[in-house]
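Note: hydrogens, waters and symmetry copies are ignored here, and every other heavy atom, side chains too, is used. When a residue number appears, it is its place in the shown sequence, counting from 1. This one's a predicted model, so the numbers in the text were calculated from it and none came from an experiment.
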Amino acid sequence: MKKRISVVLLVLSLGSLWAEKPRRYVEAGFILGAGFANNYLKYADFFNDEHIIRINFNQMGRYDFNLVSDMAAQTFLNVSGERFSVGVFTGLEGMFYGSISKQLFKLLSDGNTGSYSKADFAFGGAVFADTGINVETQLGKLRLRISPAVFLPLVYIPKPKKTALTIRTGEDTMSITGTVALDIYSPVKLGSGGDLSVDMSGLSQVMDSGALGFDLTLGAEYPLASMLDAGILVSHIPIGLSRLSHQAKMQAEFGFNDQVSEASLLDQLKEGNVDDILHIGDPEFSFSRGVFYVSRPMRFDLYSRIKFIGNLLVLRPHAGLSLFTPYGDLPCFNAGLEGQFNVWWLLQLSLSSGYEELVWKHRFGLILNLRVVQLDLGLSTQSQEFTESFALSGLGLSLGMHVGF
């Protein structure tokens with residue numbers, strides 16, 4: 001055992017000496033990430049001995065049901081010097097969400113004294129492709145970053161103006177009906193007649209159609225003291241909006257009813273018999289040409305780095321806003337705190353907790369820097385509600401690699 005420990009310590013020591021050399025002058029790599037979150041259903045509600053989805057309606061109705069999923073992928077190539085770095089990147093970024101107002105769950109758990117009520121629901125999302133240049137330079141103590149990028153919304157679904165569920169109850173019966181209606185925008189033709197499809201032949205006309213947008217990311221960082229740095233990062237400042245001219249309108253009716261069984265709708269839901277009582281009509285599509293302008297979410301982030309014992313321990317609080325998100329017109333407030341533990345330049349362990357675009361995220365990160373190869377790993381638990389974010393109501397994963405010399 002002592003011999004193995006000695007070998008491990010020797011490898012780490014040699015690795016740290018190699019990692020302590022100057023930064024990689026040329027590097028290429030990728031970053032991948034994906035996640036999902038909701039604020040009611042936990043891991044144990046899906047994976048259990050009964051092999052059913054557990055839904056406790058007595059605990060629901062405290063707040064709206066929210067579901068969100070996101071993904072990101074990027075490849076990059078960087079060239080660095082002592083006081084500057086220049087890089088190119090290309091990638092994808094997407095997010096989709098849905099929500100149902102708590103009135104529906106209050107009805108299912110508490111009952112309804114009347115025979116008619118309504119509950120709202122909403123959904124939206126977007127997928128963007130982008131490519132750009134990232135430039136960082138040191139001017140005295142001030143470090144500056146500028147990153148112009150061209151982006152293309154592959155699909156954009158704005159938040160519906162108004163949608164509703166209609167709930168009717170009788171003495172022993174209940175039915176829930178609704179209509180899904182949404183607008184889908186794209187830079188290419190989405191179909192004809194009543195069938196949804198993607199006309200890839202239109203890709204050659206994207207540049208002439210004005211679908212390419214342009215935005216700018218700016219950042220600045222300055223050391224206020226030997227142990228305190230402060231910075232600001234403003235991402236995706238819109239310079240030129242994307243102009244989408246192809247629109248698809250989708251509409252579909254759906255509903256629950258309890259006429260297929262003598263058991264009540266609530267009892268059937270509790271027993272997991274969703275397939276027997278859920279009815280979804282065939283979606284109807286209509287297509288048109290128009291003009292819809294889109295920008296990527298614009299994010300403001302103020303942060304600081306508080307360093308203890310050199311860079312051994314670093315605390316990074318931050319706060320900011322997100323604008324122009326698929327959630328709608330209201331801005332999203334973001335704030336969080338990250339703690340980093342650095343072992344030379346070889347290893348970094350981090351823990352962070354924060355509220356980002358209506359989702360609480362608690363993340364563990366690991367960076368292993370062997371100079372020629374650097375691995376970045378991340379795992380997070382997340383939810384729209386703070387208490388549920390510790391109960392595996394959502395999960396995020398990230399993986400990155402840097403290779404260079």
Side-chain angles (χ1 to χ4, degrees), residues 35-39 64-72 92-101 118-130 149-165 178-191 194 196-199 202 206 209-215 235-254 280 283-300 321-334 356-359 384:
F36 72 94
N38 83 101
N39 59 338
D64 296 347
F65 172 77
N66 294 295
L67 178 68
V68 65
S69 63
D70 61 81
M71 58 77 64
L92 290 172
E93 181 181 15
M95 187 273 279
F96 291 93
Y97 80 94
S99 68
I100 303 175
S101 63
K118 283 184 177 290
D120 297 328
F121 67 101
F123 38 83
V127 177
F128 295 96
D130 74 340
V150 175
F151 69 90
L152 175 67
L154 301 180
V155 61
Y156 193 88
I157 305 174
K159 181 179 180 180
K161 294 181 179 180
K162 186 177 181 181
T163 55
L165 295 169
T179 300
V180 177
L182 56 87
D183 296 327
I184 306 171
Y185 295 91
S186 173
V188 296
K189 189 176 180 180
L190 293 174
L196 182 66
S197 61
V198 178
D199 186 359
V206 166
S209 67
L212 293 178
F214 179 72
D215 57 27
S235 304
H236 305 160
I237 303 170
I239 305 299
L241 300 181
S242 170
R243 182 178 182 271
L244 301 182
S245 56
H246 294 278
Q247 179 184 12
K249 290 181 175 292
M250 189 204 81
Q251 182 168 310
E253 296 183 352
F254 67 94
I280 302 177
E284 297 179 358
F285 292 94
S286 62
F287 307 96
S288 63
R289 295 292 298 270
V291 177
F292 190 81
Y293 292 97
V294 175
S295 66
R296 290 198 287 181
M298 181 178 174
R299 302 180 176 102
F300 299 84
L321 292 173
S322 295
L323 305 173
F324 315 133
T325 69
Y327 287 116
D329 298 331
L330 293 178
C332 300
F333 174 73
N334 309 317
E356 300 177 9
E357 297 186 5
L358 307 186
V359 178
Q384 290 82 355

How close do [X] and [Y] get, counting heavy atoms only, and between which atoms?
X	Y	result
F214	A149	CD1-O, 3.2 Å
A248	L190	CB-CD1, 3.6 Å
P238	F324	CG-CE1, 4.3 Å
P283	M250	CB-CG, 3.9 Å
P153	V294	CG-CG1, 4.0 Å
V68	V359	CG1-CG2, 3.8 Å

**OP:** Give the C-alpha distance, both sets of side-chain angles, the deciding distance and a yes or no for side-chain contact (heavy atoms from CB on, under 4.5 Å) between D329 and L323.
**Re:** CA-CA 8 Å; D329 298 331; L323 305 173; over 6 Å; no

Does [X] reach the main-chain N or O of [Y] with its side chain, forming a donor-acceptor pair under 3.5 Å?
X	Y	value
S242	A211	yes
R289	S245	yes
H236	P297	yes
N39	D64	yes

**OP:** Please collect all salt bridge (Lys or Arg N to Asp or Glu O under 4.0 Å) contacts where either partner lies in residues 240-249, sequence neighbours excluded, each pair once.
**Re:**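 Pairs touching residues 240-249 that pass the test: D183-K249.
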
Quick one: does [X]'s side chain get under 4.5 Å of [Y]'s, heavy atoms only?
X	Y	value
C332	Y327	yes
L358	N66	no
L154	V127	yes
F128	L152	no
S295	L241	yes

Subject >> Test side-chain contact (heavy atoms from CB on, under 4.5 Å) applied to A72 - qualifying residues, sequence neighbours left out >> reply: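 Applying side-chain contact (heavy atoms from CB on, under 4.5 Å) to A72 gives none.
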
Subject >> Residue list, side-chain contact (heavy atoms from CB on, under 4.5 Å) with L67, at least two apart or on another chain >> reply: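 In terms of side-chain contact (heavy atoms from CB on, under 4.5 Å), with neighbours along the sequence ignored, L67 is linked to N38, F65.
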
Original post:
Between S322 and N334, does any side-chain donor sit less than 3.5 Å from a side-chain acceptor?
Top reply: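 Side chains of S322 and N334: pair found under 3.5 Å.
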
**OP:** Could I get the full list of ring-ring contact (aromatic ring centres under 6.0 Å, His included) partners for Y156, not counting sequence neighbours?
**Re:**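 For Y156, the residues satisfying ring-ring contact (aromatic ring centres under 6.0 Å, His included) (neighbours in sequence not counted) are F292.
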
Subject >> Partners meeting ring-ring contact (aromatic ring centres under 6.0 Å, His included) with F96 (sequence neighbours left out) >> reply: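 So F96 forms no ring-ring contact (aromatic ring centres under 6.0 Å, His included) with any residue.
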
Original post:
What's the spacing between S186 OG and Q247 CD if we round to 0.5 Å?
Top reply: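 Answer for the OG-CD pair, S186 versus Q247, is 11.5 Å.
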
Subject >> Reported NZ-to-CZ distance for the pair K189 and F287, which is rounded to 0.5 angstrom >> reply: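 Spacing of NZ (K189) from CZ (F287) equals 9.0 Å.
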
**OP:** Please list, chain by chain and in numerical order, all residues satisfying side-chain hydrogen bond (donor to acceptor under 3.5 Å, both in side chains) with R299, sequence neighbours excluded.
**Re:**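 Counting only residues at least two positions away or on another chain, R299 forms a side-chain hydrogen bond (donor to acceptor under 3.5 Å, both in side chains) with E357.
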
**OP:** Verify whether the ring centers belonging to F123 and Y97 lie closer than 6.0 Å.
**Re:**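 No, ring centres 6.0 Å or more apart.
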
Subject >> Lys/Arg N to Asp/Glu carboxylate O, D130 vs R296, below 4.0 Å >> reply: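 Yes.
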
